[in-house]
There are 2 protein chains.
Amino acid sequence: MTVTIYDVAREANVSMATVSRVVNGNPNVKPVTRKKVSRTIEELGYRPNAVARGLASKKTTTVGAIIPDISSIFFAELARGIEDIATMYKYNMILSNSDQNKDKELQLINAMLEKQVDGILFMGGDITEDHANQFESASVPVVVAATQDETNTIPSVNIDYEAAAFEATSYLLGKEYEKIAFISGVDDTLINQQKYNGYLRALKEKNVSLNDDYILTGDYSYDSGLDASDQLLQMEDKPDAVFVSSDEMALGVIHGAQDKGYQVPQDLEVFGFDNTRLATMVRPTLSTIVQPMYDIGAVAMRLLTKYMNKEEVEEKKVVLPHRIVERDSTK
Amino acid sequence: MTVTIYDVAREANVSMATVSRVVNGNPNVKPVTRKKVSRTIEELGYRPNAVARGLASKKTTTVGAIIPDISSIFFAELARGIEDIATMYKYNMILSNSDQNKDKELQLINAMLEKQVDGILFMGGDITEDHANQFESASVPVVVAATQDETNTIPSVNIDYEAAAFEATSYLLGKEYEKIAFISGVDDTLINQQKYNGYLRALKEKNVSLNDDYILTGDYSYDSGLDASDQLLQMEDKPDAVFVSSDEMALGVIHGAQDKGYQVPQDLEVFGFDNTRLATMVRPTLSTIVQPMYDIGAVAMRLLTKYMNKEEVEEKKVVLPHRIVERDSTK
DNA sequence: TTGAAAGCGCTAACAT
DNA sequence: ATGTTAGCGCTTTCAA
């Protein structure tokens, strides 16, 4: 029923090998033969079976991508970067959501390994020993993106979160404010930690003492930003500005303040993180840290192709530049 | 190097067939044997090769999903619905972006067919004859989601766009306004057409004559909403309200108006479409049509599993309910 | 309940 | 430049 390479060979009076050669663009085929084979391929409507090819060649031209949640604007952008570069290099991408659940992550890695992916792109919480072991259990290359590696063994693409948080906080502090709140993410990932460290370092540098009340946590969602905003604005000693560790939360903070009748940035300055499209889809527009999500995905995928081709890789840990954009949510 | 089913068989003193049976949970295995095999599988760290399995069984437990752009909030939500149900039924998902480019779509379908996916989920512009032919060239089931099928042959999951647009427009018209603008998408897809038809029908029903100036087009992006807003507000005879065919554009319209000093909804009412998360992440919050994106994806994937299992399917064309949510962008 | 053996459709030596 | 052939690792009859 389905036409195979063998059918084409018979019909074109050549061997399977020759058909295989023309399908794979092997130059060692006489032009006349190539033409003949190509025509019968066309006639028979032959479509190469990638599974059979994968079994024989031990290459699937498929990569696995494990992502916390594709419906998050941040990760969706990252995924787009990955997929574009994957396509460019003729790879397909199996995408799975992990919800940052470690068991699920481990299980997904295993499933992808069973499918014989040629490489894995991992995004999530931290890479633990368990992850590293799971990765090692097969010999396919792995690159992590926007994710920290506790074991410090896996190639990665990130920005410098500590520095970014430091700069954001310093920027706010530079206005002679002292009361700067910080809304971090709930999860105790390294990235979160690094942002917090950057915040602390900035305070220290300006000799501002830490006020624990000004440290809140959210889950990166808009609603948790709204909540945080409420908490901030109910304080006796309200902060002058707040550095929020994701844009979506920052929008929540802005609207929470506005809903209570406060003005941003007059009554409260708000500074975000990521520069997702949301940052310009709010009034006032959001000052934030530019984290090049698409590029992180693209660079990570590019790096993975290098490992898959066994090319030399100059830097195993890529740190992409970040920067501040000032918009209207700060003065 | 890699351990195969054969290694396990030898080590456990059974045949490959038996190992295969325990791996696949075939009941016809004596418990003792099963235990023995399971243990050596554990010891050897055997991991089944899904590619070999796929070749032998002609099933890959992988589906292909073709989506215009995963970084769009709308499609990302849809994709999440698909993936969740796919995972539930033990399928993996190959995800590719088409940018609604027909050639790319056709090519992606072909690539997925080569990979022997067990089914295809398609989202995009319209399904044309060419698409249908491409789909037919392999015998895997296809379901389209949030996409219209010109050929009317392919199972699909949608809402009733015409009715939704009719209701939205009627809602606006119900306030004794007559000047209702409509911002459609640029592409000449059936869905766009249907929304336009719904808009027209509502006007007609209220005996309001169509003013061509009030029909604008955007590309579903925030910026095109901003532009449309400018155009609307520069008119001599400004509209009272505007029905925008995507939430993201609607945010653009709201902010465009606000940036010019107009008030929403006092000076201009704005009504969206989709009810993406954006609808509540703006001030005023956006009245819109609730299109259950996650559910459309989930139902489409569920439908696909039925076809893949050759189950009976009662309805080939699923139309999910939609509804209006009134929020603060309308009075 | 278990085993033997024939493929699944292709690639990759190796030979010619 | 082309053909022959032995797998790749598994599932699936068919026998026993």
Side-chain angles (χ1 to χ4, degrees), chain A residues 1-38 40-41 44-62 90 111 113-118 138-140, chain B residues 1-38 40-41 44-62 90 111 113-118 138-140:
Chain A
M1 202 202 83
T2 60
V3 12
T4 73
I5 200 172
Y6 183 77
D7 300 321
V8 177
R10 185 167 27 70
E11 205 68 19
N13 284 310
V14 296
S15 70
M16 290 166 54
T18 300
V19 179
S20 176
R21 288 192 187 96
V22 348
V23 168
N24 294 294
N26 184 314
N28 288 0
V29 182
K30 235 198 314 193
V32 204
T33 320
R34 179 184 305 283
K35 184 151 285 176
K36 183 176 57 176
V37 172
S38 299
T40 76
I41 283 180
L44 267 46
Y46 168 66
R47 176 159 29 221
N49 181 323
V51 172
R53 178 183 291 177
L55 183 58
S57 68
K58 296 173 165 303
K59 285 200 172 55
T60 55
T61 60
T62 307
K90 312 271 184 226
L113 259 16
E114 286 192 356
K115 296 247 162 146
Q116 313 299 117
V117 294
D118 295 336
S139 42
V140 309
Chain B
M1 203 203 82
T2 60
V3 11
T4 73
I5 200 174
Y6 183 79
D7 299 322
V8 177
R10 186 169 23 72
E11 204 69 19
N13 284 310
V14 294
S15 70
M16 289 166 56
T18 301
V19 179
S20 175
R21 290 191 185 96
V22 347
V23 168
N24 293 294
N26 184 315
N28 288 359
V29 182
K30 238 195 316 195
V32 206
T33 319
R34 178 184 305 283
K35 183 151 287 172
K36 183 176 57 179
V37 171
S38 299
T40 75
I41 283 179
L44 268 46
Y46 168 65
R47 176 162 24 222
N49 180 324
V51 171
R53 177 182 291 178
L55 183 58
S57 69
K58 297 174 165 303
K59 284 200 174 52
T60 55
T61 62
T62 305
K90 313 270 183 226
L113 260 14
E114 286 193 356
K115 296 247 162 145
Q116 313 299 117
V117 294
D118 295 336
S139 43
V140 310

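A, B, ... follow the sequence lines: proteins, then strands. Residue 1 opens every chain. Every value quoted in this text rests on a predicted model; they were computed, and no experiment measured them.
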(request) Rounded off to whole Å, could you give me the CG-to-C1' distance for the B/N28 and D/dT11 pair? (result) 15 Å
(request) Please check if any side-chain donor atom of A/T62 sits under 3.5 Å from a side-chain acceptor atom of A/K115, or the reverse. (result) no
(request) Look at the side chain of A/S57 and the backbone N and O of A/R53, then say whether any donor-acceptor pair between them is shorter than 3.5 Å. (result) yes
(request) Kindly say whether A/Q116 contributes a backbone atom to a donor-acceptor pair with the side chain of A/T60 at under 3.5 angstrom? (result) yes
(message) Of the options C/dG3, C/dT2, D/dT4, whose atoms approach the side-chain atoms of B/V14 most closely?
(response) C/dG3
(message) Applying side chain to side chain donor-acceptor pair (under 3.5 Å), can you list everything that pairs with B/R34, at least two apart in sequence or on another chain?
(response) none
(message) Strictly under 4.0 angstrom, non-hydrogen atoms only: write out the protein contact profile of nucleotides 6-16 of chain C, one letter per nucleotide from the 5' end, B, S or -.
(response) -BBBBBB----
(message) When you measure from the side-chain N and O atoms of A/T18 to the phosphate of D/dT2, is any distance below 4.0 Å, counting only OP1 and OP2?
(response) no
(request) Kindly say whether B/S20 contributes a backbone atom to a donor-acceptor pair with the side chain of B/N24 at under 3.5 angstrom? (result) yes
(message) So, does B/T33 get its side chain near the phosphate of C/dT1, meaning an N or O under 4.0 Å from OP1 or OP2?
(response) no
(message) Using side-chain heavy atoms (C-beta onward) and a distance below 4.5 Å, is B/I41 in contact with B/V37?
(response) yes
(request) Scan A/N13 against the nucleic acid and name what it touches under 4.0 Å (heavy atoms): base, sugar-phosphate only, or nothing. (result) sugar-phosphate
(message) Nearest whole Å is fine: how far is D/dG9 P from A/Q116 CD?
(response) 9 Å
